[in-house]
Number of protein chains: 2
Amino acid sequence: MDARSKTPPTSITEVTLDVLEDTLSFYIRTMNIAVSRDLDDKLEGLDVAKGTGKITTLLLVDSHPGIRPSIIAELILRDRSATGRLMEQMEDHGLITRRQSSTDSRVQELYITEKGAALAARIRPLVTEQSRDFFKFISPEEQQQLMDILKRAYRRIVGLP
Amino acid sequence: MDARSKTPPTSITEVTLDVLEDTLSFYIRTMNIAVSRDLDDKLEGLDVAKGTGKITTLLLVDSHPGIRPSIIAELILRDRSATGRLMEQMEDHGLITRRQSSTDSRVQELYITEKGAALAARIRPLVTEQSRDFFKFISPEEQQQLMDILKRAYRRIVGLP
DNA sequence: TATTGTTATACTCTATAACTATA
DNA sequence: TATAGTTATAGAGTATAACAATA
């Protein structure tokens, strides 16, 4: 059988997504676009909007003073070069500071600034709320299911127990 | 209480993700990075690697001859300008052709080429397999659960019933 | 020899706005 | 006045490779 249609579709309701209809990675990828766009809107103008990594970095540095860029790199799934540029950008914005470690001069220690701490405090509720609101039409039980499974996947991929 | 640690962590296992630990959008965004990277690897050199949209476009045009760019734009969550550039790129690669509609000269009809059809046939199993393999460590039942929920979210966002 | 971080490059995506042509 | 598609631009992310300094 062939799913090919005879006349061109004139509305999205006449379209099927071919094999993507049942492909989990397709939904992850498209939902990422939607949820990231919504998050950017909610954080507009806030110095951590746009792109993945800024929020995680800010919260990690705030919660773990002295954390190293290479650890953040592993957790946000970026390489060291991308992470380095991210740190530089956040330092330029006055959110974090970088210090050379006294015990191993190759490594840097990251510390939050006052401005960074204030921003962290401000975005924590926003980030939580955005996720909850965005998935509002999915029941809390299913949201939890979804998160449990994805959390397991994430932890496995970054190498957490 | 304060989750702040006293000494800098030296391994990712000593780190907690702050509020992101329980934030669904965080996991969607990070899993997107991982799954997209893996998909790019699996499709390396294949003219549809890199970026979301090329695969969907190729399969949609193959399954729905004469489909319009604006319909594809809605389904891949891009605006018309981004979609237009995507169409141009795929036409340059000889995968699709664009024709002006005879009934409404504003709209274009997209058609697959021989080369495009061959590529579509080739990637269909690859795309399905990639998703299955990538989430192999999650049980088939849970994969299905995950997909059902995300599919519902996707359909709601693009405005499908 | 491995690790941490830097630099450079080239490519792609994203968002916005202004524009043409047609309905 | 609304719709389909184009063009231009600025900002961001991504991948890769080569590099310096240190362990």
Side-chain angles (χ1 to χ4, degrees), chain A residues 8 10-12 29-30 32-41 43-45 47-57 66-74 76-93 98-110, chain B residues 8 10-12 29-30 32-41 43-45 47-57 66-74 76-93 98-110:
Chain A
T10 57
S11 151
I12 57 171
R29 282 153 60 88
T30 48
N32 170 64
I33 295 177
V35 79
S36 295
R37 199 175 285 161
D38 182 66
L39 183 57
D40 279 349
D41 288 347
L43 299 180
E44 193 168 5
D47 249 8
V48 286
K50 307 264 174 185
T52 335
K54 296 194 193 74
I55 296 169
T56 312
T57 300
I67 193 172
R68 302 171 348 196
S70 56
I71 291 188
I72 294 178
E74 287 184 72
I76 63 178
L77 302 178
R78 300 277 176 75
D79 63 16
R80 285 198 312 279
S81 85
T83 305
R85 276 192 307 270
L86 198 54
M87 301 304 119
E88 191 184 351
Q89 183 187 349
M90 297 188 69
E91 191 172 40
D92 288 348
H93 282 76
R98 293 189 277 190
R99 274 216 298 266
Q100 199 182 50
S101 163
S102 53
T103 57
D104 182 341
S105 58
R106 289 174 308 179
V107 333
Q108 294 179 349
E109 296 173 350
L110 304 174
Chain B
T10 56
S11 149
I12 57 171
R29 282 154 61 88
T30 47
N32 169 64
I33 296 177
V35 79
S36 295
R37 199 175 284 162
D38 182 65
L39 182 58
D40 279 348
D41 288 347
L43 299 180
E44 192 169 7
D47 250 5
V48 285
K50 307 265 174 185
T52 335
K54 297 194 192 75
I55 296 170
T56 312
T57 299
I67 193 172
R68 301 170 350 194
S70 57
I71 291 189
I72 294 178
E74 288 185 72
I76 64 177
L77 302 179
R78 301 278 176 74
D79 62 15
R80 287 200 309 281
S81 85
T83 306
R85 275 192 309 270
L86 198 54
M87 301 303 121
E88 191 184 352
Q89 184 187 351
M90 297 187 69
E91 192 173 40
D92 288 346
H93 282 74
R98 292 189 277 190
R99 274 214 300 263
Q100 201 182 47
S101 163
S102 53
T103 57
D104 183 339
S105 58
R106 289 174 308 180
V107 333
Q108 295 179 349
E109 297 173 348
L110 304 174

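Remember, predicted model here, so these are calculated numbers, not experimental data. A note on names: the letters A, B, ... follow the listed sequences, proteins ahead of strands, and every chain is numbered from 1.
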- In whole Å, what is the span from the CZ atom of B:R29 to the C1' atom of D:dG13? 12 Å
- Message: Within this structure, what is the OG-CG distance for the pair A:S36 and A:D41, rounded to the nearest 0.5 Å?
- Response: 11.0 Å
- Grab the CD-C1' distance between B:Q100 and D:dT6 for me, whole Å please. 14 Å
- Task: Go through residues 76-88 of chain B and report each residue with a non-hydrogen atom lying under 4.0 Å from DNA chain C, sorted by number.
- Result: B:R78, B:D79, B:S81, B:R85
- Message: Quick check: do B:Q89 and B:L86 have side-chain heavy atoms less than 4.5 Å from each other?
- Response: yes
- Message: Less than 4.0 angstrom between a side-chain N/O of B:S70 and OP1 or OP2 of D:dT3, yes or no?
- Response: no
- Query: More 5' along DNA chain D: B:R37 or B:R98, using each one's nearest nucleotide?
  - Reply: B:R98
- Whole Å only: how far is the CZ atom of B:R106 from the P atom of D:dT6? 14 Å
- CG of B:D92 to CE of B:M90: how many Å apart, nearest 0.5 Å? 11.0 Å
- Atom CE of A:M90 to atom C1' of D:dG13: distance rounded to whole Å? 16 Å
- Item | D:dG13 OP1/OP2 closer than 4.0 Å to side-chain N/O of A:K54 | yes
- Item | Residue whose closest nucleotide on DNA chain D lies nearer the 5' end, A:S105 versus A:T52 | A:T52
- Message: Rounded to whole Å, how long is the line connecting atom CD of A:E44 with atom P of D:dA12?
- Response: 13 Å
- Would you please name every residue forming a side-chain contact (heavy atoms from CB on, under 4.5 Å) with A:V35, sequence neighbours left out? A:Q130, A:F134, A:F135, B:S25, B:I28, B:R29
- In chain order, what residues pass the side-chain contact (heavy atoms from CB on, under 4.5 Å) check against A:S105, with sequence neighbours excluded? A:Q100
- Item | Contact interval (first through last nucleotide) of DNA chain C with protein chain B, 4.0 Å heavy-atom | C:dC13 to C:dA23
- Task: Rounded to the nearest angstrom, tell me the gap between atom CZ in A:R68 and atom P in D:dT22.
- Result: 17 Å
- CD1 (B:I76) and CD1 (A:I33) are apart, to the nearest 0.5 Å, by 7.5 Å
- Query: With sequence neighbours left out, what residues match B:E88 under salt bridge (charged side-chain N to carboxylate O under 4.0 Å, His left out)?
  - Reply: none
- Query: What pairs with B:E109 under side-chain contact (heavy atoms from CB on, under 4.5 Å), at least two apart in sequence or on another chain?
  - Reply: B:S101, B:Y111
- In whole Å, what is the span from the CD1 atom of B:I71 to the P atom of D:dT3? 14 Å
- Message: Do B:T52 and B:N32 have side chains that approach each other closer than 4.5 Å (heavy atoms only, starting at C-beta)?
- Response: no
